[in-house]
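Along the sequence shown, the residues carry numbers beginning at 1.
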Amino acid sequence: QSAKNLPAWCIEHLPPSLVLLPRAIRSITKSEHPDPARLAKALEALAQFKPRIAAGERSATAEFHEQLLQLRLRDGFSNAELLRGQTGDAYMVRYEGRPLLLDRHLASTVSRMNDPRMIRIYYTRDAETGSILIGSMPYHLPTKRS
């Protein structure tokens with residue numbers, strides 16, 4: 001499958017609580033990412049485990065990190081809070097009329113900048129709806145250094 005098909009795959013296979021926002025859809029459909037299956041599995045892990053983690057299910061955190069280890073990804077803060085005002089609106093999204101910060105990201109552990117295999121999935125959890133919002137993928141958002 002091609003990365004261009006990922007938005008349709010998400011609608012078909014993932015719960016509606018995982019939302020690809022327009023910017024993420026635009027960037028993934030323009031991407032020529034060489035491993036769309038890995039992207040799909042990463043989104044699947046977010047959809048499966050993040051709601052359980054938010055609900056306080058202890059085992060979900062370990063299961064999520066085990067899944068990420070297999071995918072050669074890590075979950076961490078995106079530094080959006082620190083970068084606010086330095087990168088324009090790169091880390092801001094709007095959902096249901098509200099501005100939200102893309103405060104987390106899944107990141108490749110085996111690829112660096114300018115590597116076509118690199119994965120960055122910037123997301124946040126909307127506290128009001130419980131939805132996992134994917135704001136940008138599959139590449140880096142700007143930082144002070146990029």
Side-chain angles (χ1 to χ4, degrees), residues 1-54 60-61 63-146:
Q1 100 168 349
S2 163
K4 291 171 181 40
N5 301 329
L6 205 50
W9 179 89
C10 286
I11 290 168
E12 192 175 317
H13 292 93
L14 298 180
S17 58
L18 186 120
V19 179
L20 289 184
L21 296 174
R23 181 173 30 154
I25 293 171
R26 279 192 306 275
S27 67
I28 194 64
T29 54
K30 289 179 190 174
S31 129
E32 296 291 332
H33 199 279
D35 198 351
R38 188 167 161 225
L39 290 168
K41 288 177 183 169
L43 293 172
E44 207 169 30
L46 283 170
Q48 180 181 2
F49 295 109
K50 279 297 179 169
R52 292 171 50 202
I53 292 168
T61 300
E63 292 173 45
F64 179 57
H65 287 289
E66 179 59 36
Q67 183 76 33
L68 293 181
L69 191 61
Q70 291 174 21
L71 292 169
R72 299 175 324 280
L73 296 171
R74 64 179 165 74
D75 181 36
F77 290 101
S78 66
N79 291 325
E81 197 68 46
L82 294 172
L83 295 168
R84 190 182 289 197
Q86 299 175 39
T87 57
D89 290 337
Y91 291 82
M92 293 297 298
V93 293
R94 294 193 75 74
Y95 184 64
E96 296 184 346
R98 295 174 283 116
L100 296 164
L101 197 60
L102 297 172
D103 58 341
R104 312 259 335 149
H105 71 333
L106 297 185
S108 307
T109 59
V110 293
S111 53
R112 302 276 183 245
M113 287 288 256
N114 302 321
D115 182 336
R117 298 170 301 149
M118 180 181 42
I119 291 177
R120 290 291 186 277
I121 299 175
Y122 293 87
Y123 72 95
T124 192
R125 182 178 176 276
D126 178 27
E128 281 189 29
T129 64
S131 295
I132 306 300
L133 309 175
I134 309 299
S136 183
M137 65 183 288
Y139 302 119
H140 255 296
L141 286 177
T143 64
K144 288 188 285 190
R145 290 181 285 174
S146 61

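- Contact annotation: the side chain of Tyr91 never approaches that of His105 to less than 4.5 Å [non-hydrogen atoms, C-beta and beyond].
- The shortest distance between side-chain heavy atoms of Ile119 and Arg72 does not fall below 4.5 Å.
- The closest side-chain heavy-atom distance from Ser17 to Ile132 is not below 4.5 Å.
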Show your reasoning for whether side-chain contact (heavy atoms from CB on, under 4.5 Å) applies to Ser31 and Tyr139. CA-CA 9 Å; Ser31 129; Tyr139 302 119; 4.0 Å; yes
Would you check, one step at a time, whether the test side-chain contact (heavy atoms from CB on, under 4.5 Å) holds for Leu20 with Leu6? CA-CA 10 Å; Leu20 289 184; Leu6 205 50; 5.6 Å; no
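- The CD atom of Glu32 sits 3.5 Å away from atom NZ of Lys4, with the distance rounded to the nearest 0.5 Å.
- Looking at heavy atoms from C-beta onward, Tyr123 lies out of side-chain contact with Leu18 at the 4.5 angstrom threshold.
- Residues Leu106 and Met137 are not in side-chain contact: their nearest non-hydrogen atoms beyond the backbone lie 4.5 Å or more apart.
- The distance from the OG1 atom of Thr124 to the CG atom of Leu21 is 10.0 Å, given to the nearest 0.5 Å.
- Taking every heavy atom of both residues into account, Gly135 and Val93 meet most closely at CA-CG1, 4.0 Å.
- Rounding to the nearest 0.5 Å places CD of Gln48 at 10.0 Å from CD1 of Ile53.
- For the pair Ser136 and Ala24, the tightest heavy-atom approach, listed with the atom from each and the gap, is N-CB, 3.8 Å.
- Rounding to the nearest 0.5 angstrom, the gap separating the CD atom in Glu96 from the CG atom in Leu133 is 8.5 Å.
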side-chain contact (heavy atoms from CB on, under 4.5 Å), that's the test. Do Arg94 and Leu100 meet it? Break it down for me. CA-CA 6 Å; Arg94 294 193 75 74; Leu100 296 164; over 6 Å; no
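- Contact check for Thr129 versus Tyr95: side-chain heavy atoms found under the 4.5 Å cut-off.
- Side-chain N or O atoms of His33 include one that pairs as donor or acceptor with a backbone N or O of Met118 at under 3.5 Å.
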Kindly indicate, with the supporting measurements, whether the criterion side-chain contact (heavy atoms from CB on, under 4.5 Å) is fulfilled by Glu44 and Trp9. CA-CA 11 Å; Glu44 207 169 30; Trp9 179 89; 4.2 Å; yes
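- Side-chain contact between Phe77 and Arg104: present, with at least one pair of heavy atoms (C-beta onward) separated by less than 4.5 Å.
- For the atom pair CZ of Arg23 and CG of Leu102, the computed distance is 6.0 Å after rounding to the nearest 0.5 Å.
- In this structure, a donor-acceptor pair under 3.5 Å is absent between the side chains of Ser131 and Asp126.
- Residues His65 and Gln70 are not in side-chain contact: their nearest non-hydrogen atoms beyond the backbone lie 4.5 Å or more apart.
- For the residue pair Arg120 and Ser108, the shortest heavy atom distance occurs at NH1-N, 3.4 Å.
- Note: Asn5 CG to Ile28 CD1 = 10.5 Å, rounded to the nearest 0.5 Å.
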